[in-house]
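Down below is the structure, laid out as structure tokens.
Throughout, numbering of the chain's residues begins at 1 and tracks the sequence. Predicted model, so just to flag it, every value in this text is computed and none were measured. Note: hydrogens, waters and symmetry copies are ignored here, and every other heavy atom, side chains too, is used. For ligands, and for the atoms within them, numbers begin at 1 and follow the listed sequence.
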Amino acid sequence: MARVFNFSAGPAMLPEPVLKKAAEEMLDYKGSGMSVMEMSHRSKPFEEIINGAEATLREIMGIPDTYYVLFLQGGASMQFAMVPLNLFKNSKKADFVNTGTWSKKAISEAKKYGTANVVASSEDKKFAEIPVLDPAKFSKDADFFHITTNNTIEGTTIRELPDTGAVPLVADMSSNILGEQYDVAKFGLIYAGAQKNIGPAGVTVVIIKKDLVGSALPITPTMLDYKIHAENGSLYNTPPCYAIYISKLVFEWIKAEGGVKAIEARNKEKAAMLYNAIDNSKLYKAPVANPKFRSIMNVPFALPTEALDEKFLAEAKKLGLTTLKGHRSVGGCRASIYNAMPVEGVKKLVEFMKNFEINNKV
Ligand SMILES: *Cc1c(COP(=O)(O)O)cnc(C)c1O
């Protein structure tokens, strides 16, 4: 068996100890005589799994009791609709910061149910930076203020959270949740599709302040009403049981590794190695030039020609460094180095990049 270093942006690598534990428990979960995949979501063992997942997530993120933790389906993309459907209760207006592909999708979905006011955008800079936020442009009467904390495709991160006062701050944290520390109390709602930094695709984590639940628009389908899921402990209907189980193992792994603080330190170390290699080379160029905006999760870079990109990707793959192709909308290369990517993986990539440059002088 040869496992590769998989730099995929999502679904992404999972920690090896988690996969091993899942393999051990595959046929007979803790003496139940069945796999978690075959188990009723109303059974005692599954109840322990979902409660354990929530408890450990609360612990590692420091989630206050004044928030619900929900395990939903539909991906982050469904939250683009679910957030406005549930939070548009007064002005039916929300402020958005447009920092990339995913922000744009959130904006266009919100427009179906109310007003999406873009307070700042870096689209004219090809999203290679985070725009300056001018609080004077914020809507005092907005029902929420939406940001994408980490822009997976463009490789940027919002480091300074906007002060939105009484307006609830909503964050799409799909690609950096649990990768860096956040004070949950600063947010009204955090959502994240699991397949980057949490677990397998199929489950979406929503952390929502309790007082934001219960005022969904009348047209809201039952399944898209946070209240229904909150009142039923994410068990209104059959949840993505196996994905929740693996997520629980990932949360336990993070705790055992020293928590999000220790993971963040390691992530910063990995990112610094990679950005140093790019900045000290003549062959590779990072589209995000300003270190202040650079993501520590997704590192896009490009070689001088598409032909060289292709050659680079093909040779990397032969060494077990896979899925380094940039998103189809931007091209080039991208190394996604989420929590489960070991330091050795990044070291091996950096070493390969150096050798490739020596052999491909431009
Ligand atoms: C991947 C991603 C999404 C889309 O997630 P799905 O679970 O596929 O819907 C949305 N936002 C961000 C920031 C992402 O990285």
Side-chain angles (χ1 to χ4, degrees), residues 6-14 70-85 94 96-110 112 116 121-123 127-131 144-159 161 169-180 182 187 189-208 223-224 229 234 239-240 242-244 246-247 250 267 271 288 293-300 323 325-330 334-341:
N6 175 11
F7 293 89
S8 170
M13 281 185 92
L14 285 165
L70 308 176
F71 297 102
L72 307 179
Q73 304 192 53
S77 300
M78 201 170 81
Q79 293 309 307
F80 298 160
M82 210 162 160
V83 168
L85 280 168
F96 282 82
V97 184
N98 182 13
T99 52
T101 314
W102 295 117
S103 305
K104 280 173 78 169
K105 288 196 172 174
I107 292 164
S108 60
E109 202 65 18
K112 295 183 180 174
S121 170
S122 51
E123 191 157 19
F127 296 123
E129 52 188 68
I130 298 295
F144 64 93
F145 188 111
H146 184 280
I147 57 170
T148 311
T149 48
N150 185 76
N151 298 283
T152 324
I153 294 171
E154 297 81 5
T156 59
T157 299
I158 297 184
R159 295 249 141 65
L161 296 179
L169 182 61
V170 173
D172 177 356
M173 229 182 247
S174 294
S175 54
N176 73 337
I177 190 168
L178 300 171
E180 1 195 347
Y182 281 100
F187 299 86
L189 191 158
I190 293 169
Y191 63 91
Q195 67 275 19
K196 279 112 189 195
N197 235 352
I198 294 176
V203 62
T204 306
V205 169
V206 172
I207 300 161
I208 180 171
M223 275 296 288
L224 299 192
H229 297 287
S234 302
Y242 199 76
I244 293 169
I246 299 287
S247 302
V250 172
N267 288 339
V288 183
F293 303 127
R294 284 177 168 176
S295 166
I296 61 168
M297 304 271 88
N298 311 95
V299 182
T323 338
K325 201 175 169 66
H327 189 268
R328 59 188 188 280
S329 64
V330 294
R334 171 178 51 168
S336 295
I337 48 175
Y338 301 119
N339 293 353
M341 172 60 67

I need the [X] [atom1] to [Y] [atom2] distance, nearest 0.5 Å.
X: Thr152; Y: Met297; atom1: OG1; atom2: CE; result: 10.5 Å
X: Ser247; Y: Tyr242; atom1: OG; atom2: OH; result: 11.0 Å
X: Ser174; Y: Asn151; atom1: OG; atom2: CG; result: 11.0 Å

Worksheet entry | Atom of Thr157, atom of Ile130 and distance for their closest heavy-atom approach | O-CG1, 3.4 Å
Item to complete: Verify, without hydrogens or angle tests, whether Asn150 (side chain) and Asn176 (backbone) share a donor-acceptor contact under 3.5 angstrom.
Response: no
Practice prompt. Please verify whether a non-hydrogen atom of Asn150 lies at under 4.0 Å from ligand 1.
Written response: yes
Worksheet entry | Sub-4.0 Å heavy-atom contact, Met173 with ligand 1 | no
Worksheet item: Mind checking whether Ala76 has an N or O less than 3.5 Å away from an N or O of ligand 1?
Response: yes
Worksheet item: Is Thr148 close to ligand 1, meaning an N/O of one under 3.5 Å from an N/O of the other?
Response: no
Worksheet item: Should the ring pair Phe187 and Tyr182 be called parallel, tilted or perpendicular, given that the plane angle runs from 0 to 90° and is split at 30 and 60?
Response: perpendicular
Discussion item. Below 30° counts as parallel, above 60° as perpendicular, anything between as tilted: where do the rings of His146 and Tyr191 land?
Written reply: tilted
Starting from [atom], locate the nearest protein heavy atom and write down its residue, its atom name and how far away it is, to 0.1 Å.
atom: atom 9 (O) of ligand 1; answer: Ser77 OG, 2.6 Å
atom: atom 15 (O) of ligand 1; answer: Thr152 OG1, 2.4 Å
atom: atom 11 (N) of ligand 1; answer: Asp172 OD2, 2.6 Å

Worksheet item: Side chain, backbone, both or neither: which part of Gln195 has a heavy atom under 4.0 Å from ligand 1?
Response: side chain
Discussion item. If the cut-off is 4.0 Å to any non-hydrogen atom of Lys196, which atoms of ligand 1 fall inside it?
Written reply: 1 (C), 2 (C), 3 (C), 14 (C), 15 (O)
Worksheet item: Looking at Gly75, which atoms of ligand 1 are within less than 4.0 Å of one of its heavy atoms?
Response: 7 (O), 9 (O)
